[in-house]
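Here's the structure we're looking at; comments come further down.
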Amino acid sequence: MKERIVIYPAIFKPIEDNVYFISFPDVKGAITEGHGLKNAFEMAADALGTILFDEKKLPKMTDPAEIKIEEPGAFVTLVSTDLTKSAANFEKM
């Protein structure tokens with residue numbers, strides 16, 4: 001099966017000590033949180049795949065440099081996921 005990799009900018013906002021709230025400005029409903037950056041990135045990729053795995057038309061990606069954030073400690077970064085793996089995970093259910 002051919003990979004279907006997508007990449008979107010995500011906003012990581014610290015909400016507690018080493019806990020991040022993650023949202024995707026271009027992907028409505030793709031929100032999550034993670035404990036520590038490693039877990040936060042894993043959760044972000046999972047949230048992105050969960051929302052987009054069966055979408056035929058993907059949202060246009062905003063240039064990360066255009067995303068303005070003002071919260072202290074928050075940052076914008078790119079997150080990627082393989083939609084074919086996400087779809088396979090849902091087929092197993």
Side-chain angles (χ1 to χ4, degrees):
M1 187 177 281
K2 185 179 177 187
E3 291 179 334
R4 200 169 153 220
I5 307 294
V6 296
I7 301 171
Y8 283 93
I11 300 171
F12 283 62
K13 296 178 185 176
I15 56 174
E16 291 179 20
D17 185 36
N18 212 25
V19 178
Y20 296 88
F21 174 81
I22 304 110
S23 62
F24 292 85
D26 301 319
V27 184
K28 293 201 185 298
I31 58 171
T32 191
E33 67 178 44
H35 300 266
L37 282 176
K38 182 180 185 301
N39 179 251
F41 272 94
E42 290 168 353
M43 296 299 290
D46 184 59
L48 191 58
T50 298
I51 297 295
L52 296 179
F53 81 95
D54 64 348
E55 291 295 319
K56 302 297 183 236
K57 184 176 180 191
L58 296 173
K60 183 179 182 287
M61 185 183 97
T62 300
D63 179 345
E66 294 177 7
I67 299 171
K68 305 298 179 216
I69 51 174
E70 297 182 14
E71 293 87 354
F75 61 93
V76 176
T77 188
L78 294 175
V79 173
S80 68
T81 195
D82 181 352
L83 297 181
T84 36
K85 287 183 182 177
S86 298
N89 288 340
F90 278 96
E91 290 172 3
K92 291 177 186 176
M93 297 178 129

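Excluded from the calculations below are hydrogen atoms, water molecules and symmetry mates; all remaining heavy atoms, backbone and side chain alike, are included.
Tyr8 contributes atom OH, which lies 7.5 Å from atom CG of Leu48 (distance to the nearest 0.5 angstrom).
When all heavy atoms of Phe21 and Ile15 are compared, the closest pair comes out as CB-CG2, 3.7 Å. Taking all atoms of both residues into account, the shortest heavy-atom contact from Ile22 to Phe24 is CG2-CE1, 4.2 Å. Gly49 and Leu83 make their closest contact through CA-CD2, 3.9 Å (heavy atoms, listed as atom of the first residue, atom of the second, distance).
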**Report entry** Stepwise side chain to side chain contact (heavy atoms under 4.5 Å, CB included) check, Thr81 with Val6
**Finding:** CA-CA 6 Å; Thr81 195; Val6 296; 3.7 Å; yes
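In this structure, Asp82 contributes its side chain and Arg4 its backbone to a donor-acceptor pair below 3.5 Å.
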Acceptor/donor pairs from residues 28-43 side chains to any protein atom, 3.5 angstrom cut, sequence neighbours excluded:
| residue | atom | partner | partner atom | Å |
| --- | --- | --- | --- | --- |
| Lys38 | NZ | Glu42 | OE2 | 2.7 |
| Asn39 | OD1 | His35 | N | 2.9 |

Could you pull out all donor-acceptor pairs under 3.5 Å where a side-chain atom in residues 55-78 meets a protein atom, sequence neighbours excluded?
| residue | atom | partner | partner atom | Å |
| --- | --- | --- | --- | --- |
| Thr62 | OG1 | Asp26 | OD1 | 2.5 |
| Thr62 | OG1 | Asp26 | OD2 | 3.4 |
| Asp63 | OD1 | Ala65 | N | 2.9 |
| Lys68 | NZ | Ala65 | O | 3.1 |

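Residues that satisfy the side chain to side chain contact (heavy atoms under 4.5 Å, CB included) test with Asn18, not counting sequence neighbours, are Tyr20.
Residue Ile11 is not grouped with residue Val79 when hydrophobic side chains (ILVMFWY) are merged at heavy-atom distances under 4.5 angstrom, including chains of intermediate members.
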